[in-house]
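Every chain is numbered from 1 and lettered A, B, ... according to where its sequence line falls, protein lines coming before strand lines. Just so you know, these numbers come straight off a predicted model, no measurement behind them.
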Protein chains: 2
Amino acid sequence: MTARAAAKPQPKTDRGERTRRKILSAASAEIGRRGFSVTSISDITAAAGVGQGTFYIYFESKEDVLRELVLQLGRDLRHHLSGAIARTKNRLEAEREGLRAFIEFVRGNPGLYRIIEESQFVDDAIYRRHYMDFAATYRSALEVAEQRGEIRKGNAEVRAWALMGMAVLLGQRYGIWDVATPLDDVIGPAVDLIGRGIQP
Amino acid sequence: MTARAAAKPQPKTDRGERTRRKILSAASAEIGRRGFSVTSISDITAAAGVGQGTFYIYFESKEDVLRELVLQLGRDLRHHLSGAIARTKNRLEAEREGLRAFIEFVRGNPGLYRIIEESQFVDDAIYRRHYMDFAATYRSALEVAEQRGEIRKGNAEVRAWALMGMAVLLGQRYGIWDVATPLDDVIGPAVDLIGRGIQP
DNA sequence: CATTCATATGACGATCAATTCATGTTTGAC
DNA sequence: GTCAAACATGAATTGATCGTCATATGAATG
């Protein structure tokens, strides 16, 4: 499940580069829409408009493609989030804008969300790394905010995972299953919970 | 993926009942250990010690078994949690004991946890129902606590999903990936977050 | 324009899992 | 103890995907 074969060499021409991208992009669309396990390699190559054998010029296996997609999505999401948080002036505002950006991202890319979650059952290591990376970033941000006195002292590691968990399930609930509820109706209560908790 | 075929009739003899259970239990063990997609029906029947054809006397397909496992796990988990919460005397205590019981359950049954999560990619409807059911219960509990003045007023639906999300990812992080950290080191900070939030 | 490397193809063989079914065994009601 | 219904079996069929390979085309170089 986590076995790594020798990676395929990078394409050496523009044409190769383009073809590789076509395959990756078709894989993202097909897997995002129908799921990893039911998508066959020939589904992907058909969607990409290339021959079946072409796939194996650039990738070892379907798992290999998924790994690359997860990494790519991680980068995209990170970029999207850091853009949203950039101009906030304290931690709670960052939580608000980060959560909003996350659910927006999910609404805009439901398939991509599913790809990451399903990667757990294909290559646990890559899924884990995805979350570990986000957690590490989150944790640092919380520690900085703590230093600055923007938030109470607390266990930043546990907090990071708890807050990520909130975002993940709210993303599922309000980003995929229900895209009708206005985001403000979700963000408001969620940020209130993050900021002040439930106690009177 | 969500297609439902005519359900198989219940066994009519003790022997039948026993065989059906053997298959379900073997399926739970195998799928929990190795994952749904890589487990074949013959893996399951071999582990159960029955012939391959026997499987089809009781189940339509592997998906059919998974549905039943998810329902069963939902009942088990609900039972485990309500037992843990029963004697708590306010909402925050219930959050504490519920979270502890949940992560304990995950540590004790990592495979079961994976079964529920993977069901999302096999039969989305059953996975969704699982969460919807828990959310409905959670929401009611929060509304009652609100009535009693045990917690501040707030959007119980959003809160329920946010808190479930926290539990799910903390369960992943501290129930599956890291089972060495003492639970109190996790529960404490998490309940502090739930109770008072991060603001100073 | 000749040569060479990179890229592209899709038919084909190997593999594997799902499901059926003809046949045999067990159970329990009478 | 008989008998019909329920249950059990695993070999055989079916269907689908993977991954390879012989062959062909494209592009760049001198």
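- Following rounding to the nearest Å, Ile44(B) (CD1) and dT9(D) (C1') show an atom-to-atom distance of 18 Å.
- Between Gly53(B) and Pro11(B), the residue anchored nearer the 5' end of DNA chain D, judged by the nucleotide with its closest heavy atom, is Pro11(B).
- Backbone-only contact: Ile41(A) has heavy atoms under 4.0 Å from sugar-phosphate atoms and none from a base.
- Arg173(A) and Glu157(B) are joined by a salt bridge, as a carboxylate oxygen and a charged side-chain nitrogen come within less than 4.0 angstrom of each other.
- Between Phe36(A) atom CZ and dT17(D) atom P the separation is 14 Å, expressed in whole Å.
- Boundaries of the chain A contact region on DNA chain C are dA6(C) to dG10(C), first to last in 5' to 3' order (nucleotide atom under 4.0 Å from a heavy atom).
- Spacing between atom OH of Tyr56(B) and atom C1' of dT9(D) amounts to 14 Å, rounded to whole angstrom units.
- Under a 4.0 Å N-O distance rule, the pair Glu97(A)/Arg100(A) qualifies as a salt bridge.
- Of the charged side-chain nitrogens involved, none lies within less than 4.0 Å of a carboxylate oxygen, so that Arg148(A) and Glu143(A) do not count as a salt-bridged pair.
- When heavy atoms are screened at a 4.0 angstrom cut-off, Tyr58(B) is found touching the sugar-phosphate backbone but no base atom.
- Checking the phosphate oxygens (OP1, OP2) of dT9(D), a side-chain nitrogen or oxygen of Thr54(B) falls inside 4.0 Å.
- Between Arg33(A) and Glu30(A), at least one side-chain nitrogen of the basic residue sits less than 4.0 Å from a carboxylate oxygen of the acidic one, meeting the salt-bridge criterion.
- Following rounding to the nearest Å, Lys12(B) (NZ) and dA8(D) (P) show an atom-to-atom distance of 14 Å.
- The distance between atom NZ of Lys8(B) and atom C1' of dC7(D), rounded to the nearest whole Å, is 13 Å.
- In this structure, Tyr131(B) and Trp177(A) have tilted ring planes: the angle between them lies in the 30° to 60° band.
- The ring-ring contact (aromatic ring centres under 6.0 Å, His included) search around Tyr58(A) returns none, not counting sequence neighbours.
- Between Arg15(B) atom CZ and dT9(D) atom C1' there is a gap of 11 Å when expressed in whole angstrom units.
- Atom CD in Gln52(B) sits about 9 Å away from atom P in dG10(D), given to the nearest Å.
- Rounded to whole Å, the distance from CZ on Phe59(A) to P on dC18(D) is 15 Å.
- Looking only at atom types and distance, the side chain of Glu117(B) has a donor-acceptor partner in the side chain of Tyr127(B) under 3.5 Å away.
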